[in-house]
Amino acid sequence: MNFEGNLPTTSLLGNEEACLYRLMREHEFHWFRAGSDFVSLGEGPAGTFVSTWDSLAGDMVAKPSAPNIQNGRFSSGSPWGEMVFQAEKNCGYSVNPIAPTAERFSVAVIYRSRNCDGRTLCSIAGKSHDNFIFANEFQGKLSIIDRAGTIGLTFQSVDTMHRPSLLVFSFDSGCLRATLNGGAVQEALGDVPSMGGLAELFIGCRNHRKKLAKTLGNLWISDLIYWPDKTIVSAEGAQMTAELSAVNEFWRWAR
């Protein structure tokens, strides 16, 4: 069969990752991918642990959070690598700073959890850490909320043990939008305080506090992408951004 013209990039299976790489070159964003090329491992009394997790471009490094004392684990047992987080044990990571401000950003995270109860997926805090926006899965509900309780969205979780989920959310000066597994966009407005100053990203935990065991669940994260100072989730009914389209296609065909 002959075809005259250019095929859409998403029609070529396996091209989804290349599309994301291209967007990375054109627009600043930081892709943390669980792969043996990007994690550094150490040996401790309890076995092999993750000491650092580099972004694909190598410009950002996720380091263990303060309570994560040799708890981080990396698994290459699935078709793709995953960072392993254990219930009630801090296995989280921090990138500080991830951006000049937390007042505008987007996050995409591809994850699996046990019994739809992965607890804290990620968190973004401003310089003061008086408030932060975090994604949390608890007993079948996936919420994106801030600590101060001024804004929030909630989705019904889906079983992810055999098929990972994709959560994407954007925040911009009091407007929070999110979509789960390519579904409808939810939006909430609120006067969210204390998100200014240097932004810190937490993966698999909320902050550096030690006494937060109940916020930590059995969770596996293969990819987390952070866009500083950019919203990639448009309002429901508006044209989808190139970034969100590329992430959706990567999740659909490569995960």
Do you reckon V168 sits in the same ILVMFWY cluster as L219, going by side-chain contacts under 4.5 Å, direct or chained? yes
Okay, side chain of D223, backbone of V109: is any donor-acceptor separation there less than 3.5 Å? no
Distance-only, no hydrogens or angles: does the R104 side chain make a donor-acceptor pair with backbone N or O of T101 under 3.5 Å? no
Residues in side chain to side chain contact (heavy atoms under 4.5 Å, CB included) contact with I98, at least two apart in sequence or another chain: H30, F32, M60, V95, A199, L201, Y226
Compare every heavy atom of L244 with every heavy atom of I232, then report the nearest pair and how far apart it is. O-CB, 3.6 Å
E43 vs T48 side-chain heavy atoms within contact, under 4.5 Å: yes
Can T241 and S234 be said to form a side-chain hydrogen bond (donor to acceptor under 3.5 Å, both in side chains), step by step? CA-CA 7 Å; T241 65; S234 302; 5.2 Å; no
For T215, is there any backbone N or O sitting under 3.5 Å from a side-chain donor or acceptor partner on T120? yes
Residues which pass side chain to side chain contact (heavy atoms under 4.5 Å, CB included) with A235, listed by chain and number, not counting sequence neighbours: R177, E187
Aromatic ring proximity W31/F250, centre distance under 6.0 Å: yes
Non-hydrogen side-chain atoms of V192 and F171 separated by less than 4.5 Å: yes
May I ask you to decide if N218's main-chain N or O and R119's side chain share a donor-acceptor pair within less than 3.5 Å? no
Hey, are S51 and S40 close enough side-chain-wise for a donor-acceptor pair under 3.5 Å? no
4.5 Å side-chain heavy-atom contact, M83 and W220: no
Please determine whether side chain to side chain contact (heavy atoms under 4.5 Å, CB included) holds for the pair F85 and Y93, giving the CA-CA distance in whole Å, both sets of side-chain angles, and the decisive distance to 0.1 Å. CA-CA 10 Å; F85 303 84; Y93 304 89; 3.8 Å; yes
Examine F134 and L167 and state if one hydrophobic cluster contains both, with Ile, Leu, Val, Met, Phe, Trp and Tyr joined whenever side-chain heavy atoms are less than 4.5 Å apart. no
Rounded at 0.5 Å granularity, tell me how far CD1 in I151 sits from CD1 in I145. 11.0 Å
Taking atom types as modelled and ignoring hydrogens, do the side chains of R206 and N136 form a donor-acceptor contact shorter than 3.5 angstrom? yes
Show your reasoning for whether side-chain hydrogen bond (donor to acceptor under 3.5 Å, both in side chains) applies to N90 and S65. CA-CA 8 Å; N90 196 304; S65 62; 2.8 Å; yes
Show your working on side chain to side chain contact (heavy atoms under 4.5 Å, CB included) between E200 and S94 and close with a plain yes or no. CA-CA 7 Å; E200 184 168 5; S94 159; 2.5 Å; yes
Measuring from atom CZ of F29 to atom CG of D229, what distance do you get when rounded to the nearest 0.5 angstrom? 15.0 Å
Find the distance between OG (S157) and CG (N181) and round it off to the nearest 0.5 Å. 9.5 Å
Is it the case that more than 12 heavy atoms not belonging to N115 sit under 6.0 Å from its CG atom? no
Side-chain heavy atoms of V158 within contact of S165, under 4.5 Å: yes
So, taking the atom named CE in M195 and the one named CG in D130, what distance separates them when rounded to the nearest 0.5 Å? 11.0 Å
Any donor-acceptor pair under 3.5 Å from D172 side chain to C175 backbone: no
Just by distance, do the side chain of D54 and the backbone of G58 share a donor-acceptor pair under 3.5 Å? no
What closest approach, in Å, do S55 and D59 show between heavy atoms, and which atom pair accounts for it? OG-OD1, 2.8 Å
Please determine whether the number of non-hydrogen atoms from other residues, nucleotides or ligands lying under 6.0 Å from atom CZ of R114 exceeds 12. no
When you look at K230 and F105, which way does the side chain to side chain contact (heavy atoms under 4.5 Å, CB included) test go after all the steps? CA-CA 5 Å; K230 188 176 183 65; F105 63 85; over 6 Å; no
Between S113 and E137, a side-chain donor and acceptor under 3.5 Å: yes
Go through the side-chain N and O atoms of S170 and T231 and say whether any donor and acceptor fall under 3.5 Å apart. no
Give the minimum heavy-atom separation between N68 and G92, together with the two atoms involved. ND2-O, 2.9 Å
Could you tell me the separation between the CG atom of N131 and the CG atom of D146, rounded to the nearest 0.5 Å? 4.5 Å
Following the transitive rule for hydrophobic clusters with a side-chain heavy-atom cut-off under 4.5 Å over Ile, Leu, Val, Met, Phe, Trp and Tyr, establish whether I144 and L166 coincide in one cluster. yes
Are V50 and F202 connected in a single hydrophobic cluster, I mean Ile/Leu/Val/Met/Phe/Trp/Tyr linked by side-chain heavy atoms less than 4.5 Å apart? no
For R147 against H129, the heavy-atom pair lying closest together: NH1-O, 3.8 Å
Would you say the side-chain atoms of E243 and S106 include a donor-acceptor pair closer than 3.5 Å? no
Please tell me if the side chains of I110 and I225 come closer than 4.5 Å, counting only heavy atoms from C-beta onward. no
Is there a path of hydrophobic side-chain contacts, each under 4.5 Å between heavy atoms, that joins W251 and M240? yes
Can you name the closest pair of heavy atoms from W53 and R33 and give their distance? NE1-O, 3.0 Å
Beyond-backbone contact of E28 with P228, side-chain heavy atoms, under 4.5 angstrom: yes
Taking all atoms of both residues into account, what is the closest heavy-atom pair of F132 and N207, and its distance? CE2-ND2, 3.6 Å
Is any side-chain heavy atom of V185 closer than 4.5 Å to one of V233? yes
Can a side-chain donor-acceptor contact be found between E82 and S222 if the only test is distance below 3.5 angstrom? no
Verify side chain to side chain contact (heavy atoms under 4.5 Å, CB included) between S143 and L153, making sure each step is shown before the conclusion. CA-CA 6 Å; S143 300; L153 299 169; over 6 Å; no
Report yes if some heavy atom in the side chain of F169 is under 4.5 Å from a heavy atom in the side chain of C122; otherwise report no. yes
Distance from T150 atom OG1 to D191 atom CG, nearest 0.5 Å? 7.0 Å
Counting heavy atoms not belonging to Q156, are there more than 12 under 6.0 Å from its CD? yes
